[in-house]
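All remarks here apply to the structure that follows.
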Amino acid sequence: MSDLLQGSPAPGSRLPAPVSFEFYPPKTDEQRQQLERTLVRLKAHAPRFVSVTFGAGGSTLSYTPDTVRLLREQHGLDAVPHLSCMGGTRLEIAELLARYRAVGCTRVVALRGDLPSGMATTGDFRYAADLVRFIRAEHGRHFRIEVAAYPETHPQADDAHIDLRHFKGKVEAGADGAITQYFFNADAYFRFVDEARQLGVDVPIVPGIMPIANFTQLRRFSELCGAEIPRWIVRRMQAWGDDGAAIRAFAADVVAAMCRRLLEGGAPELHFYTLNLARPTEAVLERLR
Ligand code: FAD
């Protein structure tokens, strides 16, 4: 328990698979301090890399590169930028890639992004596959390119098969690997990976794991991004409300049990959506050690 509170892994205890963590770029001093506190704790779990999200419509055009540089230079982490098509011209994206290359990045996460409400222009690239092609054309094999995958189907996709074919298109465009949208149903991941393999997609597909921090927020967000929270989890969470030791322990147990199943079923690594908080991710990692 004390390890869990302090965030340092018990000596000699090992995680069953490599992990990576996702952070969003802080914009205020308060957020910067929170990220610092989180980093100090999560670094102890030796992530393979950490990724930094990119705001819709280029709104974090400088926040993301600044955070990537900070994580690399001050924390010695292999910080990986997310790049999105939204609102970014070819030139802006080329400049960002040059910046990332200059600070030593050799991996990027290439996304379409979502158009913020009120914004009319999507930028020069329409789909993530176009961005992947551009990165390959400009930088050859310098960057390892990760793309997004949706075990429960992208919310805007007409049908699951078409969405899977679009996923395949990103790999054909040059992606080396994928990180999935979060889910709470391991079977959706296994089925997705099986179907991708049947289509000849052989890149690693790493499950994205969402440790549950604030359930009310998570429910709202899950509706937007098309991730299903099983009814049995919803009902138990509702019974406890948003806070308290019981709900945190239940949430961590559920997510850790799913992680174990994913790894036993062949998932190569785990990518955690930390939301810049240490404790929910640590609680899951603690259970996996
Ligand atoms: P795409 O792969 O381009 O697909 C988007 C939709 O278009 C899908 O429905 C697909 O089926 C369809 N499609 C693809 N190609 C075609 C085609 N040729 N013709 C017709 N339809 C097509 N968002 C951010 O803004 N910033 C981030 O940092 C960020 N990080 C993320 C990290 C991960 C691991 C994941 C899973 C998502 C992330 N997102 C992020 C969210 C993501 O941008 C959204 O889910 C977005 O709606 C889709 O992005 P994509 O890269 O999957 O798009």
Side-chain angles (χ1 to χ4, degrees), residues 19-27 49-65 67-68 79-88 93 96 100 105 107-117 119 122-135 144-184 188-189 192 195-196 199 201 203-210 221-227 267 269-276:
V19 294
S20 54
F21 301 132
E22 181 178 301
F23 301 112
Y24 65 84
K27 295 180 188 158
F49 67 88
V50 297
S51 75
V52 182
T53 60
F54 187 82
S59 61
T60 55
L61 220 49
S62 74
Y63 292 118
T64 302
T67 305
V68 164
V80 170
H82 292 207
L83 276 170
S84 106
C85 307
M86 288 299 139
I93 290 174
L96 272 178
Y100 291 135
C105 295
R107 188 193 296 241
V108 292
V109 183
L111 303 141
R112 184 196 69 174
D114 291 308
L115 200 58
S117 55
M119 224 179 117
T122 56
D124 287 348
F125 302 110
R126 185 149 184 210
Y127 296 110
D130 305 326
L131 180 57
V132 172
R133 260 187 293 276
F134 177 73
I135 299 170
R144 178 186 166 85
I145 305 176
E146 310 287 346
V147 289
Y150 299 85
E152 295 182 317
T153 306
H154 185 263
Q156 288 158 7
D158 290 336
D159 97 33
H161 295 130
I162 295 175
D163 199 37
L164 191 65
R165 266 187 265 283
H166 290 148
F167 170 62
K168 184 183 183 202
K170 294 194 274 196
V171 175
E172 286 170 346
D176 300 292
I179 302 172
T180 75
Q181 181 59 280
Y182 69 87
F183 53 83
F184 296 100
Y189 170 81
F192 180 85
E195 290 180 354
L199 284 183
V201 174
V203 300
I205 300 174
V206 173
I209 307 297
M210 179 69 87
F221 186 59
S222 299
E223 269 167 36
L224 292 176
C225 67
E269 299 178 24
L270 300 170
H271 180 78
F272 285 86
Y273 295 106
T274 70
L275 306 178
N276 291 12

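Because the structure is predicted, anything quoted here is derived from the model rather than measured. As the structure lists them, so they are numbered: ligands from 1, and atoms in each ligand from 1. One is the number of the first residue; the rest follow in order along the sequence.
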*For ligand 1, which atoms, with element, lie under 4.0 Å from some heavy atom of Gln181?*
36 (C)
_Ring geometry between Phe272 and Phe21 (parallel below 30°, tilted from 30 to 60°, perpendicular above 60°)_ = tilted
*Just which atoms of ligand 1 are under 4.0 Å from any heavy atom in Thr53?*
28 (O)
*Going by the atom numbers of ligand 1, which of them fall below 4.0 Å from some non-hydrogen atom of Ala148?*
35 (C), 36 (C), 52 (O)
*asked:* Side chain, backbone, both or neither: which applies to His271 and ligand 1 if a contact is any heavy-atom pair less than 4.0 Å apart?
replied: neither
*Ring centres of Phe192 and Phe167 under 6.0 Å apart?*
yes
_Val147, Asp114, Leu131, Leu111: member with heavy atom nearest to atom 39 (N) of ligand 1_ = Leu111
*Residues in side chain to side chain donor-acceptor pair (under 3.5 Å) with Arg144, at least two apart?*
Glu146
*Heavy-atom contacts with Phe54 under 4.0 Å: which atoms of ligand 1 show up? List them by number with element.*
24 (C), 25 (O), 26 (N), 27 (C), 28 (O)
*Run the contact test for Tyr273 against ligand 1 with a 4.0 Å cut-off on heavy atoms, strictly below, and give the result.*
yes
*Which is it for Phe167 and ligand 1 at heavy atoms under 4.0 Å: side chain, backbone, both or neither?*
neither
*From the options Tyr24, Tyr127, Tyr150, select the one whose nearest heavy atom is closest to atom 18 (N) of ligand 1.*
Tyr127
_Could you check whether any heavy atom of Val109 sits closer than 4.0 Å to an atom of ligand 1, since that is the contact criterion I want to use?_
no
*Could an N or O of ligand 1 be found under 3.5 Å from any N or O of His82, whether backbone or side chain?*
yes
_Regarding atom 51 (O) of ligand 1: of the candidates Arg112, Arg165, Gln156, which has the closest heavy atom?_
Arg112
_N or O pair under 3.5 Å between Asp163 and ligand 1_ = yes
*Is ligand 1 under 4.0 Å from a heavy atom in the side chain of Ser84, in the backbone, in both, or in neither?*
neither
*asked:* Quick check with a 6.0 Å cut-off and a 45 degree axis cone: is Arg112 positioned over the face of Phe125's six-membered ring?
replied: no
